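None of these values were measured; they are calculated from a predicted model. Chain naming here is simple, since letters A, B, ... match the order of the sequence lines and numbering starts at 1 in each.
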Amino acid sequence: MLVQILFYIFGTLLVACALGLITARNPVYSALFLVLCFVNSAVIWLLTEAEFLAIVLVLVYVGAVMVLFLFVVMMLDINVAELRRGFTRFAWLGWITAAAVIAEILVVVWSHGLTGLDVTRTPVPEPADYSNTAALGQVIYTRYAYPFELAAVLLLVAIVAAIALTMRHRQGLKVQDVSRQVSVRAADRVRIVKVEAEKRT
Amino acid sequence: MLQTLATAWGSLPGIARTTVWIVIVTVVLILCVAFLTLWERKVIGWMQLRRGPNRVKLLGLFPGLGQPFADVFKLLTKEVVIPTNANKLLFWVAPMIALIPAFAAWAVIPLSPDLVISQANAGLLYLLALTSMGVYGVIIAGWAANSKYAFLGAMRSAAQMVAYEIAMGFALVGVLMASGSMNLGTIVRNQEGGFLSQNWFWLFPLLVVYFISGVAETNRAPFDVAEGESEIVAGFHVEYSGIAFALFFLAEYANMILISALTAVFFFGGWLSPWQGWPGIGATLLGQPSFIWLALKIFAILFMFLWLRATFPRYRYDQIMRLGWKALIPVTLVWIGVEMVLAHYHVGPWARPWFH
């Protein structure tokens, strides 16, 4: 009963935040609404006893990805009117995407015969010493070891590609060489000149 | 009298007992923050051959002890100025966002062998998630104030905190490998056996990385470029006054206590006695686990924070980034590799029964 009440509270909040995300005029508000969306979905995942995924969602998306996102959104002075000009022209694309996602959700909910997974029933509570993280780790490193490694390599390639794309060697850039800065001695920088005192004439 | 109190306590429902503990921990924490500010000024004063605060007396005695209360009342009675064109809602919300994670994190910290507010299995992950949320207070404060200095401070601290969080997370991966659990109580219990079998001995590089990252995460000297009085006035909280400023202050010091407590739990055995299980001294009262050991460890680590502040000049910004990305992260990665070798040969923490 308590779980259901919590689910409806956070579900409503999630939908409200999602609406705020797409209707807010200020892009910084949009980004903050997205953060709230992540937090609310994390709570809903907690209610389904997926505590590892829920905390990782907060840790990765709220703690790292959205911080950088906010960082960029705050730095760039985005002209919202400019962005909104194409709204009606591209609306059909948005509707198609929304319809596809809704259809996917419906298929998952109604076709438990297909996957053998009934997502509509509440999960049976696990005993207190059951560790979600350990269970997940056991599956990832044994049964799904190859897909997991493949995803890791894919991410690595993405990192290398992102760095390669953005790293440019400009001419005439003044860069500090820290090892040279550290190894410098006083004798390299200061020359002590002994000036002979002149005799009074 | 005590008997009736104990039975009344036992007959309370679980949720009421938890609430009472939450209130106690929060109030004690706020008092600790108050006296930590005084202790900091005193210690730095002594280090600089001054006397520190010594005018305001508490109950007519103890010169200087009343200083934190005088400060709080001064800040409470000051006007909170909201800059024109500031984003009012976010301006008010930011100090709260900075403060909440610093207090909420205490839910999973084991205070004594049988006292912890929540026995969460994923306690370590919960801590990582909460400490990563503290940065929002800083960013939102810097942006909402609509001031260039505040914004510069927010940008600096956001980049710094994201960078050091990675090193911190990796250091905790090492702790995780040595303890085999994400429950903080189990992490403490797996360090039993006295001073030398606690995690700091086998994970010393990780301890250093964790502590440095902790100092950087709390934006303390020598990593306090987010405030940088000499360059950007006071950084992200330059536009805050009165009690709103005090909330940021409270959050910073609460975070310092939190980082100290976590260092004590992860690397120095939390509430375990350093002489536990030693012949002779281990059998006496000094060998018993208790809250006092945790408090002493937290106090010693907090002193390190103050010591650093009184000793080191501020880092240059590019040096901070260099240290975080090019020094601390590689150290943690190498040490995780070393741990794999140690685990393979069942050395140190991996000779314990849980690993077999």
Closest heavy-atom pair and its distance - B:A158, A:V67 = CB-CG1, 4.4 Å
Toward chain A, the part of B:M133 with a non-hydrogen atom under 4.5 Å = side chain
For A:G63 and B:S132, work out which heavy atoms get closest and say how close.
-> CA-OG, 3.5 Å
Is chain A contacted by the side chain of B:M161, its backbone, both, or neither, given a heavy-atom distance below 4.5 Å?
-> neither
Taking atom CZ of B:F151 as the centre, does the number of heavy atoms from other residues, nucleotides or ligands within less than 6.0 Å exceed 12?
-> yes
Compare all side-chain heavy atoms of B:L125 with those of A:F52 and state whether any distance is below 4.5 angstrom.
-> yes
Taking C-beta and beyond as the side chain, do B:Y136 and A:V62 meet within less than 4.5 Å on heavy atoms?
-> yes
Proximal component of A:V35, with respect to chain B [non-hydrogen, under 4.5 Å] = side chain
Taking the side chain as every heavy atom from C-beta outward, state whether B:L90 and A:Y29 have any pair of such atoms under 4.5 Å apart.
-> yes
Hey, could you give me the CE/CD1 distance between A:M74 and B:I140, rounded to the nearest 0.5 Å?
-> 6.5 Å
d(B:L130 CG, A:L59 CG) to nearest 0.5 Å is 10.0 Å
Tell me, side chain or backbone of B:N183 under 4.5 Å from chain A's heavy atoms, or both, or neither?
-> neither
Interface check, chain B: of A:V178, A:V39, A:V58, most non-hydrogen pairs under 4.5 Å belong to A:V178
Member of A:L32, A:V73, A:L70, A:V28 meeting the side chain to side chain contact (heavy atoms under 4.5 Å, CB included) criterion with B:W143 | A:V28
Name the region of B:A154, side chain, backbone, both or neither, that has any atom closer than 4.5 Å to a heavy atom of chain A.
-> neither
